[in-house]
> 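I have a structure here, written as structure tokens, and I will follow up with some questions on it.
Values reported hereafter were calculated over all heavy atoms of this structure, with side chains retained and with hydrogens, waters and symmetry mates removed. By convention in this document, chain letters (A, B, ...) are assigned in the order of the sequence lines, proteins followed by strands, and residues within each chain are numbered from 1.
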Amino acid sequence: GAVVSQHPSWVICKSGTSVKIECRSLDFQATTMFWYRQFPKQSLMLMATSNEGSKATYEQGVEKDKFLINHASLTLSTLTVTSAHPEDSSFYICSATGAISNQPQHFGDGTRLSIL
Amino acid sequence: KNEVEQSPQNLTAQEGEFITINCSYSVGISALHWLQQHPGGGIVSLFMLSSGKKKHGRLIATINIQEKHSSLHITASHPRDSAVYICAAIGRGAQKLVFGQGTRLTINP
């Protein structure tokens with residue numbers, strides 16, 4: 001089946017640092033990628049939808065200058081948490097889908113971000 | 001009221017039991033996902049279905065479009081089935097998933 005690789009799986013860094021998370025589709029062309037955030041024991045919250053070659057569409061309440069998304073190729077999207085603070089600590093997970101409608105979304109394994 | 005409602009929220013059962021998790025939705029959909037999230041956080045898509053029934057191993061998913069209801073069944077449950085199961089609907093003409101709250105399943109040996 002289709003595989004989505006997310007890296008890193010776990011990161012701890014100091015407050016004020018910018019952190020980049022990568023999401024790669026390994027065996028299919030991901031025309032659309034989604035970035036989610038998940039707090040403990042809560043459901044996934046969509047942050048933004050990213051289409052290859054165009055600007056990401058952010059959900060209401062998500063700061064686009066804080067969470068920079070780049071989807072420059074059909075196999076890679078990146079989420080950069082800029083000037084991270086402890087309240088940004090969370091589990092971030094991406095998913096990807098191809099160009100054909102009604103294709104399933106394939107999820108990465110997630111990145112656990114801890115800001116000290 | 002959420003657009004996608006799951007029940008139960010928590011379910012504990014003994015190994016070998018037949019498990020049913022329910023999902024009801026209030027919007028028109030093009031398809032519905034059943035997802036499995038293990039304690040480490042990674043998510044696996046178990047099924048995507050828009051009608052009828054799908055089976056994979058011990059897992060069976062059904063959907064009734066008229067009643068806006070889907071079920072996930074696990075036969076001969078095993079402790080390794082312990083996870084959070086999430087149903088997620090895709091609206092017509094949309095790409096975004098609308099998630100249920102998840103069902104935390106624990107299978108005791």
> Would you say Leu46(B) ends up clustered with Ile19(B) if hydrophobic residues are merged whenever their side chains have heavy atoms under 4.5 Å apart, either directly or through other cluster members?
yes

> CD of Glu17(B): more than 12 outside heavy atoms within 6.0 angstrom?
yes

> Give a yes or no on whether Val44(B) and Ile107(B) share a hydrophobic cluster (residues Ile, Leu, Val, Met, Phe, Trp, Tyr; joining criterion: side-chain heavy atoms under 4.5 Å apart).
yes

> Keeping to residues at least two apart or across chains, list the disulfide bond (SG atoms under 2.5 Å apart) pairs with something in residues 33-84 of chain B.
none

> Using the rule that Ile, Leu, Val, Met, Phe, Trp and Tyr join whenever any side-chain heavy atoms are under 4.5 Å apart, tell me whether Leu72(B) and Ile65(B) fall into a single cluster.
yes

> Of all the residues in residues 42-59 of chain A, which have a heavy atom that comes within less than 4.5 Å of a heavy atom in chain B?
Ser43(A), Leu44(A), Leu46(A), Thr49(A), Asn51(A), Glu59(A)

> Look at atom CD of Glu67(B) and say whether more than 12 heavy atoms of other residues, nucleotides or ligands are closer to it than 6.0 Å.
no

> Do Phe107(A) and Leu35(B) have side chains that approach each other closer than 4.5 Å (heavy atoms only, starting at C-beta)?
yes

> Among residues at least two apart in sequence or on other chains, which ones pass salt bridge (charged side-chain N to carboxylate O under 4.0 Å, His left out) with Arg58(B)?
Asp81(B)

> Taking 4.5 Å as the heavy-atom cut-off, does anything in residues 63-93 of chain A contact chain B, and if so which residues?
Phe91(A), Ile93(A)

> Tell me whether His78(B) at atom NE2 has more than 12 heavy atoms from other residues, nucleotides or ligands lying less than 6.0 Å away.
yes

> Hey, what do you get for CG (Leu97(B)) to OH (Tyr36(A)), rounding to the nearest 0.5 Å?
4.5 Å

> When hydrophobic residues are tied together by side-chain contacts of less than 4.5 Å, even through go-betweens, does Trp34(B) share a cluster with Ile63(B)?
yes

> How far does OG1 of Thr97(A) sit from CE of Met48(B), to the nearest 0.5 angstrom?
7.5 Å

> Within the 4.5 Å heavy-atom criterion, are Gln105(A) and Ser45(B) side-chain neighbours or not?
no

